Every structure is written in C-alpha cells, then in structure tokens.
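Structure, as structure tokens:
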Amino acid sequence: MSAVKNWQTTRPTISERAKFLLNNNHLSDAKFVALQRGGENESKKAIPAHKFILAISSPVFEAMFFGELAETKDTIELPDCEYGSLLELFRYMYSDEVNLSGSNVMGVLYLAKKYLVSSLVDKCTEYLQLNLDPSNVFSILPTAQRYEEKDLIDRCWEVIDSGAEFAVKSDGFETIERSLLEAVVARNTLAIEEVELFKAVDTWSTKQCQKQGCEVSGKMKRKVLGEQIVTAIRFPLMKHDEFAAVVLDTNILTCDEMVNFFKFYSSTLTSPLGFPETPRIKQAAFPRCGRFQSVSEEFVTYSGDDRHYLLFVVDKDIMLRGLRLLGSENNKYTVNLKVWDFIDHPPTVLVSKSGTFTAKAFQYKSFRIHGFDVLFDRPAHIKKETRYRLEAWISGPPSLKGTDGLDSVRSTGVTFQFISSVKFMDSKTNRSVGQFLEFIFREVRY
C-alpha cells in the first residue's frame with residue numbers, strides 16, 4: 001500500500017492516521033518477514049512497519065529498536081510465526097483492532113505473549129473462552145496451561161467435566177500429552193460413563209503406539225499409558241457385559257486382573273481389586289435462564305450504597321449455582337449477593353456470596369456484552385412455588401443494564417416468574433430493567 005497525497009488532512013485523529021500506516025511502505029523504517037502458508041505451499045512475505053509505533057505498544061520492540069543492543073538491520077526475519085498472525089499483532093498495535101479467528105488466534109496469542117502486549121492477550125483468551133466447546137477444548141487447554149492463563153484453564157476444565165463424553169471423542173484428545181491424559185482420568189467430576197472413558201483411553205494408547213512405530217498390543221498400550229493411568233480407570237463401575245465386550249479384547253489388563261474381575265462380577269472375590277470403585281461425581285452442566293430481551297447501552301452508575309432487589313418463583317425445585325451480572329469491559333466490581341427465602345418468618349438468608357469480579361465479554365442472545373458470574377460456594381436449594389428475594393450491593397464503574405424484562409421465562413423445563421415489589425421502590429433493578437441478567441441453575445430430579 002502506498003501513500004496518497006495529503007493523506008493526513010483526510011484523517012483528523014491520531015488513531016486514523018496510525019491505522020492508515022498499517023502494512024504501508026510510507027514512512028516505514030523496518031520490515032518483518034514471516035512465513036505464509038497456503039495449502040501445501042509455503043512462502044515468505046514481508047510486512048513494512050514503523051519502529052516508533054511498535055515501540056510504544058511493546059516493551060520488547062522498544063528494547064529491540066531503541067535499547068542498548070538495538071537491532072541495526074532494517075529487515076527482520078521471524079521464523080517462529082505465521083504472516084497472518086503477525087499482521088493481526090501489528091493491526092492491534094496500529095489501531096487497537098484485531099480480526100481473530102479459529103485459525104489465527106493461537107498464533108496471535110503466542111505473539112502477544114512474546115511481545116508483552118497484555119491487552120491483546122486478554123482479547124485472545126476472551127475469544128477462546130467465548131468459542132470454547134467440547135470439540136476444541138483439548139486443542140485449547142495445552143496452550144492455556146503453557147501460558148498460565150488461569151481463567152481460561154478453569155473454563156476448559158469446566159467444559160471437560162460437563163461435556164466429557166463429547167470431549168474425549170474429539171480429534172484433539174487423541175494427541176494430548178500423557179500428563180494431561182493422566183489428569184483427565186484422575187478427575188472425580190467427569191460427566192461420562194466409565195466404559196466410554198476407557199474406549200477413549202484405549203484409542204489414545206493405540207495412536208501413541210502407531211506414532212512410536214511399535215506393535216499395537218495390549219502390553220505395549222499399557223506401557224505407553226503407564227500404571228497410574230490404567231489403575232485410575234474405574235473398571236468396577238462398568239456393567240459385566242460392557243467389561244466383557246469392550247475391555248477384554250484390548251488385552252490391557254493382565255491375566256490375574258481379568259481373573260479377579262470375573263470373581264468380582266460373580267461375587268466370589270475375596271481380595272481388593274486394585275481399581276477405584278467410587279463413582280465419579282457427574283456434574284451436569286448448569287443451564288442459564290436469561291430474563292431480559294435486550295441490553296441497553298445506557299450505562300448505570302453505582303455509588304456503592306445502591307441495592308438491587310428482585311423477587312422470583314420457580315415451578316420446580318432447582319439448585320441455584322449463581323447469577324450473572326452485567327458490567328463494562330474489563331472493569332472490576334465489588335458485589336455482596338444474597339438470596340433470602342420466605343419459608344421462615346421473618347425471612348432468612350439462604351445463601352450469600354461476596355467478592356470482587358472482573359467483567360468479561362460474552363454472547364447473550366444476539367448481543368455481545370460484558371458481565372461476570374457470581375457463583376455460590378455451594379448451590380442453593382430453591383423450592384418450587386416458594387417466593388425468594390435476590391438482594392445485591394454493587395460498587396464499581398458504570399455498567400450496562402438489562403431492559404425489556406419478561407414476567408416469566410421457561411428454560412430447560414423450569415419456569416421462572418419475576419416480580420417487582422412496591423416495598424423496594426428504591427431498587428435500581430426490577431422486573432423490567434437492571435441487573436440479574438441470568439440465573440445459573442439445574443433442575444432437581446427426584
């Protein structure tokens with residue numbers, strides 16, 4: 001891209017002028033060369049750059065161009081990155097904008113970490129969290145662990161726990177490191193039948209044998225798995241026919257172990273099996289019930305003394321895991337949230353949670369907005385046809401607010417009714433507007 005005459009006069013702001021210089025030879029004093037991949041072909045491609053703009057965006061570039069050991073070459077080759085990812089790094093440095101996609105986000109995250117562009121790191125991890133699901137979680141978790149992104153790591157494990165049966169069948173699972181496989185098999189919170197987990201482990205061991213060029217046999221599969229993984233599988237939880245049809249033919253268990261299992265299933269075993277017999281705590285995913293039809297871009301201010309109230313009733317017993325509240329991008333909010341029940345007179349606090357939370361981006365209906373989850377230390381048992389009151393003190397920067405609230409919403413078989421009360425006329429939240437965007441819950445099935 002070449003400069004045009006008097007280009008500054010048509011771009012009145014600094015941001016517009018900097019954006020114009022992106023990937024532009026005009027005034028450029030450096031050139032970066034990276035690999036560009038297209039199918040099976042690979043070529044080198046250059047990006048013209050401006051040292052000053054890069055230096056004010058990254059301490060690494062500042063040291064590279066203006067430090068004691070400043071780079072003297074005008075052309076800098078970067079063999080460790082891909083052209084498209086580098087261009088997005090520069091786009092962000094020149095314009096505070098970035099075009100992330102599934103194909104480039106890992107590369108952009110790597111460069112953002114390398115050049116210490118922390119705000120872009122946040123953008124990348126936010127994108128990954130928004131697009132995380134069981135089909136890609138095992139491709140994302142190793143990167144999150146490598147870069148020590150705790151929030152993203154925690155979210156990955158939540159997805160693995162609740163969607164384990166789908167996650168272990170993904171392509172990414174077949175290529176994970178043995179240490180990660182060991183962590184998965186040891187988890188007590190996987191929502192998966194044990195026979196399905198074993199099938200996935202067996203597939204992983206088969207792929208490893210093939211990768212190492214060794215014989216695919218029960219003995220070799222057990223060797224690549226290691227005793228810690230094999231002995232963490234809860235074979236006793238399998239039905240007899242599952243064990244016979246799936247486990248025996250793999251030959252992963254020894255002859256003595258198989259004999260003991262036959263005794264176990266025939267109730268004649270007198271010695272310990274050597275495998276865990278405690279069921280995993282299958283944590284079903286908690287659905288969300290959103291009560292607003294839209295979100296206003298008009299910000300609400302918080303003084304710290306403002307209380308938010310809302311009454312609600314459900315038609316079935318539920319476990320209330322927490323609430324999602326609204327905020328503004330990357331800002332912190334101090335919250336004291338309580339749930340009062342009216343079973344006793346006077347009402348009592350059923351559960352509460354206090355803390356400071358950071359608002360992150362997420363998708364709500366057709367809106368991309370910012371907010372945060374306030375999760376109770378233990379889910380609260382909400383009984384059907386009983387009135388409960390939400391109460392929250394919130395302090396922090398201005399926040400988005402929900403609008404066009406509904407009287408009732410049905411979500412995954414549970415109907416929520418929302419009620420405004422004249423007793424709490426000073427509340428900035430009511431049935432129609434305000435906070436308490438989503439209820440995080442699951443139905444109690446008896």
Side-chain angles (χ1 to χ4, degrees), residues 122-123 126-127 129-130 151 286-314 318 320-340 349 351-376 380 382 387-411 414-441:
D122 292 342
K123 292 281 186 185
E126 182 181 285
Y127 176 91
Q129 288 197 48
L130 285 171
D151 289 346
F286 282 82
R288 293 173 183 260
C289 174
R291 69 186 193 92
F292 294 115
Q293 297 182 81
S294 59
V295 176
S296 173
E297 293 184 1
E298 176 187 353
F299 283 83
V300 178
T301 56
Y302 294 130
S303 66
D305 297 323
D306 300 316
R307 279 196 259 186
H308 298 256
Y309 296 101
L310 182 70
L311 304 180
F312 73 98
V313 176
V314 291
I318 65 169
L320 183 63
R321 182 72 178 90
L323 281 296
R324 173 168 277 179
L325 305 185
L326 288 159
S328 53
E329 185 172 8
N330 292 327
N331 283 320
K332 294 182 181 297
Y333 297 85
T334 300
V335 177
N336 183 3
L337 174 66
K338 295 180 179 180
V339 181
W340 295 76
V349 175
V351 67
S352 64
K353 180 69 176 181
S354 299
T356 301
F357 306 86
T358 302
K360 299 293 184 181
F362 63 94
Q363 196 72 24
Y364 177 75
K365 300 184 186 298
S366 61
F367 308 98
R368 189 169 185 273
I369 53 182
H370 296 84
F372 52 94
D373 290 344
V374 180
L375 302 178
F376 302 123
I382 305 296
R387 182 173 292 195
Y388 293 84
R389 183 179 83 218
L390 294 175
E391 181 181 66
W393 286 264
I394 307 173
S395 63
S399 163
L400 299 169
K401 67 177 180 180
T403 57
D404 300 322
L406 298 166
D407 287 333
S408 66
V409 177
R410 189 165 181 81
S411 175
V414 178
T415 299
F416 287 73
Q417 289 187 314
F418 307 107
I419 308 160
S420 297
S421 174
V422 294
K423 186 177 179 180
F424 305 114
M425 293 298 291
D426 60 336
S427 174
K428 284 194 172 184
T429 291
N430 55 48
R431 182 198 60 75
S432 301
V433 299
Q435 278 287 0
F436 309 130
L437 176 74
E438 290 180 322
F439 288 64
I440 307 168
F441 73 101

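Here the structure is a predicted model, which means the values were calculated and not measured. Values reported hereafter were calculated over all heavy atoms of this structure, with side chains retained and with hydrogens, waters and symmetry mates removed.
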Is a donor on one side and an acceptor on the other found under 3.5 Å between the side chain of Tyr333 and the backbone of Ser328? yes
Could you note down all residue pairs passing side-chain hydrogen bond (donor to acceptor under 3.5 Å, both in side chains) where residues 359-371 supplies at least one of them, sequence neighbours left out? Glu126-Arg368
Exactly one of Tyr309, Phe439, Trp340 clears side chain to side chain contact (heavy atoms under 4.5 Å, CB included) with Leu390, and that residue is Phe439
Checking Asp373 side chain against Leu375 main chain: does a donor-acceptor pair fall under 3.5 Å? no
Evaluate Ile382 against Phe441 for side-chain contact (heavy atoms from CB on, under 4.5 Å), listing each step before the verdict. CA-CA 10 Å; Ile382 305 296; Phe441 73 101; over 6 Å; no
Between Phe312 and Phe436, is the gap from one ring center to the other below 6.0 Å? no
Kindly write out the residues that satisfy side chain to side chain donor-acceptor pair (under 3.5 Å) with Asp151, not counting sequence neighbours, or none if the list is empty. none
Are Phe292 and Phe367, when compared by the centres of their aromatic rings, separated by less than 6.0 Å? no
Could you point out which residue of Lys401, Arg291, Arg324, Arg288 forms a side chain to side chain contact (heavy atoms under 4.5 Å, CB included) with Leu437? Arg324
Arg389 side chain to Leu310 main-chain N or O, any donor-acceptor pair under 3.5 Å? no
Of Asp407, Ile318, Val313, Leu406, the residue whose pairing with Phe416 passes side chain to side chain contact (heavy atoms under 4.5 Å, CB included): Ile318
Taking all non-hydrogen atoms of both residues, which atom of Arg321 and which atom of Phe376 are closest, and how far apart? NH1-O, 2.6 Å
